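Everything numeric here is computed off the predicted structure, so don't read it as measured data. Naming convention: chains lettered A, B, ... in sequence-line order (proteins, then strands); numbering from 1 in each chain.
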Amino acid sequence: MNYSTEEILRIEQKWQKHWEDQKVFRARVDPEKEKYYCLEMFPYPSGKIHMGHVRNYTIADVLARYKLMRGFNVIHPMGYDAFGQPAENAAIKRNVDPGEWTYGCIDQMRTELKRMGFSYDWDRELATCDEEYYKWNQWIFLKMHEKGLAYKKASAVNWCPSCETTLANEEVINEQCWRCKTEVVQKDLDQWYLKITEYCQALLEDLDTLSNWPARVVTMQKNWIGKSYGVDMRFSVKGFDEEIIVFTTRPDTIFGATYVVLAPEHPLVSRLVSGTPQEAGVKEFIARVSNVSKTLRVSGEKEKQGMFLGCHAINPVNGEEVPIWIADYVLMDYGTGAIMAVPTHDQRDFLFAKEHDLPMRIVIQDPQHPQQTVAQMQEAYVAQGQLVNSGPFDGINNQEAIQKIGQWMQEQGTGTISVHWRLRDWLISRQRYWGTPIPFIYCDACGTVPVPEDQLPVKLPSNIKITGEGGSPLNHCPEFLNVACPSCGKPAKRETDTMATFFDSSWYFLRYCSAREDARIFNPEEVAYWMRVDQYIGGIEHAILHLLYSRFFTKFFKTLGLLDFDEPFDKLLTQGMVLKDGEVMSKSRGNTVDPDDVIARYGADSLRLCILFAAPPEDQLEWNDGAVDGSWKFLNRVWTLVHTRYIFVEDEHVNAEDLGPESVAMERIRNFTIKKVTEDIESCKFNTAISSLMILLNHIDKYGVDADDADRQVILNRSIRAMVLLLAPFVPHMCEELWKVMEGRQELPLERQALSIARLTWPRYDERALKQDTVLVVAQVNGKLRAKFDMDADSPEDKVKEIVLQDPKIQQYVAGKEIRKFIYIKNKLVNIVV
RNA sequence: GGGCAAGUGGUGGAAUGGCAUACACGAAGGACUUAAAAUCCUUUGGCCGAAAGGCUAUGUGGGUUCGACUCCCACCUUGCCCACCA
């Protein structure tokens, strides 16, 4: 009796077909039932699934199938994040149409997903490159424009010279393009932005409601949004009718501000140096700085560069004249683009002041070295202390001074208490073909005109020549480019920018709820029923961008009145990476293992089991080829068990206690396993759930049953049935087959047989059966384990003390010594301190 | 530089204040076999010992506790994320 490869593959295909034909996993709104929305991050359709997908989707599938057996109305959809650069790259390389290439990949991908036996409702499948999908991207964009959330702005943007496109800050990693690793440069362009900053406060505040998210994801988002409280201070410029507003979170140090620094791009700079001897040098400096990409400019390793502008500002609190500089370490797009420099209490200012020989003054005293002088300072003093040299504020604690000076300046009219955010508006324009066209038209007469809703979608033209050169291919496509102005009818030009693909993935979970709806973005009743997502599962790499954008869209839809909740995802699980030989498995490293090869040899069930058993879901997983073999061995044992030892017997009303201690123990282990597996799945500890099923199997194997012992066979059958049901979410194909085998042994008529094991009820356990009559109590002397005792459960302390102290082994250690303490933890442990 | 996570046998891992090393993988030995595969059985942290048993071990060093892999402090290493944010 062997669960052979041929048999595995035949059985897996058979059940996959059955699930599909019978639509076992089709989800329909049912107000009578509690719903469960299980969602995994949809894949980019590269064609082949990799081990990361297998892990992600297997975790989700266990939860979806488990919840189904628990009686929930489960929605478990799948789709494809199908726009993006790889399709264009493929087009360039192989001279194919990106659309054809993508849909080809999707077909392949779907086959691979089906081969894994995932419980998707395929009727809800979608691809973001479907017209029916991206039409609604355009619709959302128009709504955002209506509400003032989509706007165009000329700005210096990160530009990848190789891809010839702009990149969001988030797509620039270590000064390089996140995809092609080319060095990013700065370029001035007219670009579309989404005003995500409008939702800063809500995006920050509502993080506190996400108690079922990993704390670190919440922290990362908090830091990314980056709220800081401070004061906008007004420095007037000597000899000019100008003011410099600086933002600081440290108003307590204002009396130590010995110079002011503007960002090189600050609009005031050119006015201040115009016609002065400094002008030429400053212009040259700015040109030099602006050529350097932003990320390189702010990378801490580089020496801070700057220039004196030749003029002075007035410190508003003491009237002191301080020099005005420009420097590359001050950024135009944070705060006000200008800072007051307090070199004694800010490390960046300290280094810059040392380098350029600028004045310093201590205004916060270190309580440890109260007499320290500027000359003695090796670095800025950034810790707490008492204010000195600070006029009326001398002597007070600097924490207190932050409040007081802010208040005081506000009263004096020299400053305003303010809040600044780190989060920037979201640059959405891409100079690419394979994305959602931004639905706008440029007319010489009417300006920038939105495409009317009834003309959506603005379709992507097909049969486009993609060369990878000369910017967006849409610029070279007259049929697309030339259009009549919707407003005046005169010849006009279409916007050729497409949307960043993060737009597409910011709302797909809503579309799944009514994926075939064509008159509306979604059906509000269905969304009201299915949303929010109960469990979202995906990689940690999306902790900031995708999750933040999805939260933003949800809040925007609520503003539109389309939704009545604030947050899209209740629980979030971020699964760990799959490693091979200690490194992340990736194509570029060439250390991938193809899931297909594993399936061809062992089947999907073994692969699923193996990847769940190898590590807890959040941890990194070190791939080990041998481990699949171990999973298969276990399945093979279960297979053999059912075939050789499941003999149906009628009477189930058998009491284990009448059959002796072995049967009682068998029943206890069965009940305990049900409890343990249930709790472990609920808390996503699949590895220990599986190990307890292995323990159950080991016990079943040892529980002997004679050929004619029908009563013990009843006990055995209970365990075998529990085993198959508990295992079903993990290894669905084999369990379906085994259930059929068991129904066959019972000779159940066809109409009473289960449609699918996934539609059966999850086993229940009996708390009473978990009780043990005797328990193992271990005895320690001075914390060291010395003896073990079998005791009646819940024995009183006196009795335990008597037994333990009489034991010769214990006597060996306590005889003749004073017993100072006797600690008894019921049913567990005794510790004698001598 | 900052933040977060992790560090336990040959390997993946288990135990979240109470028997450290569950469950597997691997390895060794045995049974079955002409033989091999598969399967089954036994052993398997280290050291000492013939055995009984003892000692020792959860990155390092301290601390709290009757008792610490678990809690606290400091440090080391690795990984991930952020990084001139005023």
Chemist: May I ask you to test the A:Phe613-A:Ser691 pair for a side-chain heavy-atom distance under 4.5 Å?
Modeler: yes

Chemist: Which of the following nucleotides, B:A86, B:A24, B:A38, is nearest to the side chain of A:Trp632?
Modeler: B:A38

Chemist: Using the P atoms only, state how far B:A20 lies from B:U16, rounded to an integer number of Å.
Modeler: 14 Å

Chemist: Using the P atom as the reference point in each nucleotide, state the distance between B:U60 and B:A68 in Å, no decimals.
Modeler: 15 Å

Chemist: Nearest whole angstrom, please: distance from the P of B:A86 to the CD1 of A:Ile324.
Modeler: 22 Å

Chemist: Do the side chain of A:Ser795 and the main chain of A:Met791 share a donor and acceptor less than 3.5 angstrom apart?
Modeler: no

Chemist: What's the CZ-C1' distance between A:Phe634 and B:A24, to the nearest Å?
Modeler: 11 Å

Chemist: If you only use heavy atoms from C-beta on, which nucleotide in B:A22, B:A86, B:A24 is closest to the side chain of A:Asn698?
Modeler: B:A24

Chemist: NA contact type, A:Gly630, heavy-atom cut-off 4.0 Å: base, sugar-phosphate, or nothing?
Modeler: sugar-phosphate

Chemist: Between A:Gln812 and A:Ile690, just flag the one whose closest nucleotide in RNA chain B comes earlier from the 5' side.
Modeler: A:Ile690

Chemist: Anything below 3.5 Å on both distances counts as a pair; with that, list the stems of at least three consecutive Watson-Crick or G-U pairs involving RNA chain B.
Modeler: B:1-7 with B:76-82, B:10-12 with B:23-25, B:26-31 with B:39-44, B:45-48 with B:53-56, B:59-63 with B:71-75

Chemist: Report yes or no: do A:Arg551 and A:Gln221 form a side-chain donor-acceptor pair below 3.5 Å?
Modeler: yes

Chemist: Does the gap between the ring centers of A:Trp325 and A:Phe352 come in under 6.0 Å?
Modeler: yes

Chemist: Rounded off to whole Å, could you give me the CD1-to-C1' distance for the A:Ile544 and B:C4 pair?
Modeler: 12 Å

Chemist: Which whole number of Å gives the distance between the P atom of B:G53 and that of B:G62?
Modeler: 32 Å

Chemist: Can a side chain N or O of A:Arg348 be found less than 4.0 Å away from OP1 or OP2 on B:C85?
Modeler: yes

Chemist: Out of B:C23, B:C66, B:C19, which has the shortest distance to the side chain of A:Lys821?
Modeler: B:C66

Chemist: Looking only at side-chain N and O atoms, does A:Tyr813 come under 4.0 Å of OP1 or OP2 in B:G54?
Modeler: yes

Chemist: Using modelled atom types and a 3.5 Å cut-off, is there a donor and acceptor pairing between side-chain atoms of A:Arg608 and backbone atoms of A:Phe730?
Modeler: yes

Chemist: Give me syn or anti for B:G9, where syn covers glycosidic angles within 90 degrees of 0.
Modeler: syn

Chemist: Under 4.0 Å between a Lys/Arg side-chain N and an Asp/Glu carboxylate O for A:Asp346 and A:Arg348?
Modeler: yes

Chemist: For the side chain of A:His420 and the backbone of A:Lys227, is there at least one donor-acceptor N/O pair under 3.5 Å apart?
Modeler: no

Chemist: Indicate whether the side chain of A:Tyr334 and that of A:Ser228 have a donor and an acceptor atom separated by less than 3.5 Å.
Modeler: yes

Chemist: Between A:Thr249 and A:Asn223, which has a closest nucleotide on RNA chain B that is more 5'?
Modeler: A:Asn223

Chemist: May I ask you to decide if A:Lys826's main-chain N or O and A:Asp794's side chain share a donor-acceptor pair within less than 3.5 Å?
Modeler: no

Chemist: Checking all strands, does A:Arg820 fall into the base, sugar-phosphate, or nothing category for heavy-atom contacts under 4.0 angstrom?
Modeler: nothing

Chemist: For B:A86, take OP1 and OP2 only and decide whether either is under 4.0 Å from a side-chain N or O of A:Arg422.
Modeler: no

Chemist: If the condition is salt bridge (charged side-chain N to carboxylate O under 4.0 Å, His left out), which residues does A:Asp680 pass it with, not counting sequence neighbours?
Modeler: A:Lys676

Chemist: Taking the C1' atom in each of B:C25 and B:G13, what is the distance between them to the nearest angstrom?
Modeler: 10 Å

Chemist: Over how many whole Å does the gap from A:Leu785 atom CG to B:C55 atom P extend?
Modeler: 10 Å

Chemist: Would you say the side-chain atoms of A:Asp425 and A:Thr197 include a donor-acceptor pair closer than 3.5 Å?
Modeler: yes

Chemist: Write down the distance between NZ (A:Lys633) and C1' (B:C23), rounded to a whole number of angstrom.
Modeler: 14 Å

Chemist: What string of B, S and - do you get for nucleotides 11-18 of chain B, 5' to 3', when a contact is any protein heavy atom under 4.0 Å?
Modeler: -BSS---B

Chemist: Could you state the NE2-P distance from A:His542 to B:C81, rounded to the nearest angstrom?
Modeler: 12 Å

Chemist: Just the rounded figure in Å: distance from P of B:A20 to NZ of A:Lys784.
Modeler: 10 Å

Chemist: Please measure how far the C1' atom in B:U8 lies from the corresponding atom in B:A22, and state the result in whole Å.
Modeler: 13 Å

Chemist: Does OP1 or OP2 of B:C4 have a side-chain N or O of A:Lys222 closer than 4.0 Å?
Modeler: no

Chemist: Can you tell me, in whole Å, how much space there is between the P of B:G10 and that of B:A6?
Modeler: 23 Å

Chemist: Contact class for A:Ile832 (heavy atom, under 4.0 Å): base, sugar-phosphate, or nothing?
Modeler: nothing

Chemist: Suppose you measure atom C1' in B:C48 against the same atom in B:A52; what distance do you get, rounded to whole Å?
Modeler: 14 Å

Chemist: Establish, with yes or no, whether the OP1 or OP2 oxygen of B:C55 is under 4.0 angstrom from a side-chain nitrogen or oxygen of A:Arg786.
Modeler: yes

Chemist: Rounded to whole Å, how long is the line connecting atom OH of A:Tyr824 with atom P of B:G67?
Modeler: 21 Å

Chemist: Between B:C19 and B:A36, how far is it from one C1' atom to the other, in whole Å?
Modeler: 43 Å

Chemist: Between A:Thr688 and A:Lys685 (side chain of the first, backbone of the second, donor and acceptor by atom type, cut-off under 3.5 Å), is there such a pair?
Modeler: yes

